Enquirer: 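Sending over a structure as structure tokens; questions will come in a sec.
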Amino acid sequence: MTRRSLSAAVGAACSAFVLLMAVPGSASAATGQFRYSYTTAEGYEAVGFLNNPASGECVNLPAPGSAPGTVSRAPKNRTDATATVFLDADCEGDTYYTLRPGAGASDRLLLRSVVFS
């Protein structure tokens, strides 16, 4: 290998490393499903779920068809991350509970938002 070829190879390797470092990494996500129950506007029981939710991002739980402001209940954390559920929207307020991976709670636990760690 000539000196010129070696210089070109080192330069290419350095350029590739710089490009690799400049590309943003993928966002971390909890693997699995988070489930919750809610009552539809028609009065039927329904189940909502989040598949592979992003970690560190607050999720306000949608309850399709239910009246605005209606709370969800009975969370089931079937992800590999800890879920912190909040009674208030936007993961705010003094009322919150932590569910370890695989844990769930009864219909008495009400929630409007969740964040995964």
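Along the sequence shown, the residues carry numbers beginning at 1. Nothing here was measured: the structure is a model prediction, and the numbers come from that model.
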Enquirer: Distance from C58 atom SG to F116 atom CZ, nearest 0.5 Å?
Expert: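 Separation between the atoms: 10.0 Å.
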Enquirer: Does A30 offer a backbone N or O that forms a donor-acceptor pair with the side chain of D80 under 3.5 Å?
Expert: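 Checked: no pair found.
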Enquirer: In this structure, would L50 and L109 fall into the same cluster of hydrophobic residues linked by side-chain contacts under 4.5 Å?
Expert: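 Cluster IDs for L50 and L109 match.
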Enquirer: Could you report the tightest heavy-atom contact between S106 and P75, atom names first, then the distance?
Expert: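 Closest heavy-atom pair between S106 and P75: O-CD, 4.4 Å.
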Enquirer: Which pair of non-hydrogen atoms, one from P53 and one from G32, has the smallest distance, and what is that distance?
Expert: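 That would be CD-O, 4.0 Å.
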Enquirer: Check residues 87-101 and write down every donor-acceptor pair under 3.5 Å in which the side-chain atom is one partner and the other belongs to a residue at least two apart or another chain.
Expert:
unit_1 : atom_1 : unit_2 : atom_2 : d
D90    : OD1    : N60    : ND2    : 2.8

Enquirer: Under the rule for salt bridge (Lys or Arg N to Asp or Glu O under 4.0 Å), what residues qualify as partners of R73, not counting sequence neighbours?
Expert: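 Scan of R73 (salt bridge (Lys or Arg N to Asp or Glu O under 4.0 Å), adjacent residues dropped) gives E45.
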Enquirer: Give a yes or no answer on whether the side chain of T40 reaches the backbone of Y44 with a donor-acceptor pair at less than 3.5 Å.
Expert: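 Checked: pair present.
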Enquirer: Any side-chain to backbone donor/acceptor pair from K76 onto A105? Under 3.5 Å, distance only.
Expert: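 Yes.
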Enquirer: Would you name the heavy atoms of F34 and A83 that are closest together and state the gap between them?
Expert: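 Result for this residue pair: CE1-CB, 4.1 Å.
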Enquirer: I'd like to know if L110 and F86 are part of one continuous hydrophobic network [Ile/Leu/Val/Met/Phe/Trp/Tyr, side-chain heavy atoms within less than 4.5 Å].
Expert: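 Unlinked, F86 and L110 end up in two clusters.
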Enquirer: Does the side chain of L61 come within less than 4.5 Å of Y36's, by heavy atoms?
Expert: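 Yes, at least one pair of side-chain atoms sits under 4.5 Å.
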Enquirer: Listed by chain and number, what are the side chain to side chain donor-acceptor pair (under 3.5 Å) partners of Q33, not counting sequence neighbours?
Expert: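 Expected list: R35, N51.
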Enquirer: For the pair N77 (side chain) and G102 (backbone), establish whether a donor and an acceptor sit closer than 3.5 Å, ignoring hydrogens and angles.
Expert: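 Side chain of N77 to backbone of G102: no pair is present.
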